[in-house]
Amino acid sequence: DAGITQSPRYKITETGRQVTLMCHQTWSHSYMFWYRQDLGHGLRLIYYSAAADITDKGEVPDGYVVSRSKTENFPLTLESATRSQTSVYFCASRPDRVREQYFGPGTRLTVT
Amino acid sequence: DAKTTQPNSMESNEEEPVHLPCNHSTISGTDYIHWYRQLPSQGPEYVIHGLTSNVNNRMASLAIAEDRKSSTLILHRATLRDAAVYYCILYWVNTDKLIFGTGTRLQVFP
């Protein structure tokens, strides 16, 4: 039972490059979320999705793009990475009618 | 979104009870109180949630004040594995957003 996985776990990229972080869940949960975590902050919501082909912005969406063509996948793309996007990124999911979210292990992204 | 206030850090000895406080004076009637914890180098993990009544599960207990302006997460016997950052979050039923604060870092000493 893999649950929710993220790849890559670690990534170093250069300013201006496009980067895609992958999130995959095996539970068929309706809802999926992307958060970022920076020192001194709790987690901040970037984007979320209530179902395939339905996405919405969170607190800090600027500079990010998401898509959800399949229920189990929710990739997050940084179209032109900036140093301020250096962070740890967490993906989460939850089933419909349940409020608890289940988080992945995170991706540590460094933009140089 | 309503906010929560937690102490930055707390300490406990192993096998002792731990009471983690949270103030949420601006809570509305439809806000659920959720607790998550984050162990080092891991994603957050759901602990417990409640609306008005006290709640118990295998991980912890949640005590909610009668006026709902504060709550306390209770770990009945702390273990070294309970060392983590604990987040108290208000979750409005009509949104799907967890608004994390900075949480309480719990240290557990043997």
Side-chain angles (χ1 to χ4, degrees), chain A residues 2-7 9-10 21 23-25 27 29-51 54-61 66 68 74 76 87-108, chain B residues 1-9 20 22-24 27-28 30-52 55-60 62 71 73 84-106:
Chain A
I4 185 165
T5 57
Q6 295 183 235
S7 61
R9 294 293 315 278
Y10 302 90
L21 309 183
C23 179
H24 175 78
Q25 51 106 354
W27 296 308
H29 286 173
S30 301
Y31 290 82
M32 295 188 74
F33 308 83
W34 273 106
Y35 295 86
R36 60 177 289 174
Q37 185 172 37
D38 306 295
L39 275 176
H41 293 271
L43 279 75
R44 292 181 291 174
L45 182 65
I46 304 170
Y47 268 97
Y48 67 105
S49 169
I54 301 174
T55 62
D56 207 348
K57 296 178 180 178
E59 298 173 80
V60 289
V66 294
R68 194 160 175 215
F74 191 36
L76 176 74
S87 188
V88 180
Y89 291 84
F90 290 99
C91 178
S93 72
R94 72 165 179 85
D96 199 10
R97 303 179 188 277
V98 172
R99 299 300 167 184
E100 301 92 82
Q101 294 185 15
Y102 299 86
F103 284 79
T107 294
R108 183 174 294 276
Chain B
D1 296 303
K3 302 293 186 218
T4 62
T5 304
Q6 300 176 253
N8 289 333
S9 63
L20 298 166
C22 181
N23 287 320
H24 29 78
I27 193 170
S28 71
T30 52
D31 284 341
Y32 281 77
I33 302 158
H34 279 235
W35 284 81
Y36 281 72
R37 72 179 186 181
Q38 187 173 20
L39 278 64
S41 301
Q42 293 188 26
E45 174 188 28
Y46 167 79
V47 176
I48 200 167
H49 78 276
L51 183 61
T52 56
V55 184
N56 300 298
N57 66 20
R58 64 175 180 80
M59 290 182 70
L62 176 61
S71 61
L73 179 72
V85 178
Y86 287 79
Y87 296 99
C88 169
I89 301 159
L90 298 184
Y91 194 108
W92 186 38
V93 69
N94 289 330
T95 73
D96 292 304
K97 300 176 185 177
L98 292 175
I99 307 299
F100 285 78
T102 52
T104 297
R105 182 173 298 278
L106 175 66

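Just so it is clear: chains get the letters A, B, ... in the order the sequence lines come, proteins before strands, and each one is counted from 1.
Sorted by first then second residue, the salt bridge (Lys or Arg N to Asp or Glu O under 4.0 Å) pairs that include residues 34-50 of chain B, not counting sequence neighbours, are B:R37-B:E45, B:R37-B:D82.
Atom CZ of A:R44 has more than 12 heavy atoms from other residues, nucleotides or ligands within 6.0 Å. Surrounding CG of A:D96 are more than 12 heavy atoms belonging to other residues, nucleotides or ligands, all under 6.0 Å away.
Between B:H34 and A:Q101 there is no side-chain heavy-atom pair separated by less than 4.5 Å. With a 4.5 Å cut-off on side-chain heavy atoms, B:Y91 and A:R99 count as touching.
When every heavy atom of A:L43 is checked against every heavy atom of B:Y87, the shortest pair comes out as CD1-OH, 4.4 Å.
Only the side chain of A:Q37 comes within contact range of chain B, judged by heavy atoms closer than 4.5 Å.
For B:Y46, the ring pair (Phe, Tyr, Trp, His ring centres under 6.0 Å) partners two or more places apart in sequence, or in a different chain, are B:Y36, B:H49.
Annotation: the span from B:L98 atom CG to A:F33 atom CZ amounts to 7.0 Å, rounded to 0.5 Å. Rounding to the nearest 0.5 angstrom, the gap separating the OG atom in B:S41 from the CZ atom in A:R108 is 7.0 Å.
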